[in-house]
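For the numbers below, each heavy atom of this structure counts, side chains included, while hydrogens, waters and symmetry mates do not. Within every chain, numbering begins at 1; the chains are lettered A, B, ... in the order of the sequence lines, protein sequences first and strands thereafter.
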Amino acid sequence: MSGTLKALLGACLLSLLGASAARAQVEDTIPTERSFESSQYFALELRGGPYTPDLGDGALNDAFDTFFKDDDDGFMWELEFDVIAFEYADFFDIGIGGLIGRAHYGGASLEQGAFDSGSSVETDEDSDLRLIPMAGLLVLRIDALPRKLNVPFILAAKLGYQWTHFVADDGQPTEMRGISHGLRWALQLALDLDVFEPSQARMMDEEWGINHSFLFFEYYGFHPSSDSAEVGARTWSTGLGFNF
Amino acid sequence: MTCTPKHRPPVAPLWAALAACAAVTALPAAASAQLPSCGGDGTMLVSLLSLDGDDPGSVIEISDAQCQDDIPVRFRVTGITGDKDLWVFVGESCESPDRRDGGTTVAQCQEAINMDVQSQIEITLNVRTNLKCDQAISEKVWFLSLDGSADMNIGSYACVELPFDNDPPPTPASVADASGEREARLSWDPSDSAADYHVVWESTTASGDGCGGTPSFSAGDPVDLDSLDAYEGHATTNGTNYSLKPSQVNGGAAWFAVAAEDAAGNISPLSNVACARFVDAYSFTEVLEQRGGELQDGCSALPGRSGGPIGLLWLLSTAAALWLRRRRP
């Protein structure tokens with residue numbers, strides 16, 4: 001998990017370095033001030049972070065830790081796509097979005113006798129749990145700080161509804177699967193990259209239609225409804241986003 | 001009678017040249033029905049004989065050969081006097097050329113060439129051997145025979161090192177204990193040059209975390225294809241794992257070991273002996289089923305009830321947002 005997280009952070013840093021390198025080539029020819037900005041319709045975010053479901057029962061959580069001891073904080077990848085429905089230029093925008101993600105927890109089935117006596121002896125048979133969240137979100141993104149005050153922070157809040165498809169699989173024909181649904185919320189703090197590389201940002205807008213790019217940290221929660229499977233959590237993720 | 005190699009292949013003998021250990025040795029003319037031997041596996045004798053008491057000439061060159069559909073060999077004969085019928089015979093244990101007209105040994109010889117030669121100073125023969133590179137043979141004998149009277153003289157001979165691979169692959173390593181309910185997944189490290197692996201096993205009973213008793217085979221035991229049936233169970237796979245099923249074992253456990261076989265059919269000795277046990281396995285799925293009744297109950301009723309309308313509302317909202325943005329410049 002930590003390796004994947006490092007890879008994600010590395011990718012973010014590389015994008016910054018790439019922007020720096022490109023700046024050297026374009027800043028002589030492209031003015032720093034934006035006299036042009038294309039229309040902004042969408043936002044795209046790719047993020048990842050640890051996700052340990054709270055199964056709502058101490059024994060279940062203990063069993064989760066036992067079976068997935070090397071993988072019990074998982075890694076949740078998510079891709080979010082927002083349609084910007086309303087925009088108050090350089091202050092805030094409101095979007096409606098959706099996301100899809102995936103987390104996989106892999107382990108081995110344990111010997112029954114050893115498990116019953118409180119120890120764990122692994123067999124050669126697999127025992128997996130997969131979570132595939134899908135959510136619809138209402139997104140409020142406030143970008144007045146970087147646009148008006150040149151302070152490179154964007155704030156965002158999200159509220160929506162999530163459906164998480166889960167599959168518990170041990171290779172038997174009767175795998176256990178279902179859908180858990182409930183409230184999803186998120187608070188996001190993003191670092192606006194345009195402030196550091198205005199000329200690069202202008203070039204990306206003119207050539208690719210990408211208005212803004214940002215690195216972000218997001219704290220979010222998924223609270224399954226009372227009649228739903230308990231696979232919720234409150235956790236964090238980080239990633240890279242674009243407005244275009 | 002020694003064979004001095006002219007040159008040897010740089011690496012393994014299989015695909016390397018047919019290294020002529022071509023000590024072309026002239027023997028004193030003597031009536032003898034037995035050809036000399038070349039001293040072991042993977043060698044071939046090429047001998048020039050004269051049946052009329054004349055000087056049979058000399059085998060002066062044996063060319064390199066490569067593994068193809070079969071192994072072709074080219075050799076050159078010189079010093080033939082008079083009119084002769086020249087035969088080339090090929091065959092394993094083809095040792096008595098003077099009895100080629102019906103002798104039991106000669107029956108194993110295959111006539112490769114039969115031609116007239118007339119006082120030729122030198123003749124080059126290209127012969128296809130029908131020998132395959134992946135054949136494991138003990139020894140092949142070739143000879144050239146120059147027809148004449150009943151007397152046979154052995155003129156000269158050469159020993160040829162054939163490009164056969166007689167080296168077994170390394171013994172598979174790290175054969176690991178295994179356990180499972182529906183299968184025990186036996187695994188091992190790959191062996192260089194192995195094309196197949198033979199897994200052999202013997203039923204026993206589980207004893208704690210291991211197997212009870214002592215297996216009848218042990219690490220390093222030689223293996224050949226004929227001996228596999230002597231084991232209680234055996235299987236062949238080309239991968240580095242094998243799923244042993246409970247139905248293949250009498251009892252709750254089995255000793256097992258693995259031998260590697262290369263493309264030439266050489267088989268390594270047995271690996272270390274490991275233990276496969278069949279146990280009651282407990283998966284996280286079963287934990288959910290047994291302890292998470294509310295989880296299972298919740299799943300079955302969810303998608304169509306409270307979740308569905310919310311999802312529909314969200315889809316409509318997204319569509320409306322797209323439509324609104326389309327209208328704005």
Shortest non-hydrogen separation from Val279(B) to Thr123(A) and the atoms involved: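 Here Val279(B) and Thr123(A) meet closest at CG2-CG2, 3.9 Å.
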Residues which pass salt bridge (Lys or Arg N to Asp or Glu O under 4.0 Å) with Asp192(A), listed by chain and number, not counting sequence neighbours: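 Testing Asp192(A) for salt bridge (Lys or Arg N to Asp or Glu O under 4.0 Å), a comparison that skips the adjacent residues, returns Arg147(A).
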Pairs involving residues 104-115 of chain A, ordered by first then second residue, that meet side chain to side chain donor-acceptor pair (under 3.5 Å) (sequence neighbours left out):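 Side chain to side chain donor-acceptor pair (under 3.5 Å) check on residues 104-115 of chain A returns Glu111(A)-Arg277(B), Gln112(A)-Asp116(A).
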Atom pair CZ/CG of Phe284(B) and Leu60(A) - distance to nearest 0.5 Å: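 It is 6.0 Å, given to the nearest 0.5 Å.
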Rounded distance (nearest 0.5 Å) linking atom OG1 of Thr66(A) with atom OH of Tyr282(B):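 That separation rounds to 11.0 Å.
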Structural part of Gln162(A) lying under 4.5 Å from a heavy atom of chain B: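 For Gln162(A), no heavy atom lies under 4.5 Å from chain B.
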Interface moiety of Leu137(A) toward chain B, non-hydrogen atoms closer than 4.5 Å: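 The backbone, not the side chain.
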Contact winner vs chain A - Ala176(B), Ser243(B), Gly180(B), Ala184(B), heavy-atom pairs under 4.5 Å: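 The option with the most such pairs is Gly180(B).
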Chain A contacts, top residue of Glu181(B), Arg182(B), Glu183(B), Arg185(B) (heavy-atom pairs, under 4.5 Å):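 Ranked by contacts with chain A, first place is Arg182(B).
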Atom OH of Tyr219(A) with >12 non-hydrogen neighbours under 6.0 angstrom: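 Enclosed.
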Residues of residues 124-135 of chain A near chain B, each having a heavy atom less than 4.5 Å away: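 At a heavy-atom separation under 4.5 Å, chain B is reached by Asp124(A), Glu125(A), Asp126(A), Ser127(A), Leu129(A), Ala135(A).
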Listed once per pair and sorted, the salt bridge (charged side-chain N to carboxylate O under 4.0 Å, His left out) pairs that draw on residues 91-101 of chain A, sequence neighbours left out: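 Non-adjacent pairs meeting salt bridge (charged side-chain N to carboxylate O under 4.0 Å, His left out): zero.
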Which of Ile94(A), Ile96(A), Asp82(A) touches chain B most, by non-hydrogen pairs under 4.5 Å: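 The candidate making the most pairs under 4.5 Å is Ile96(A).
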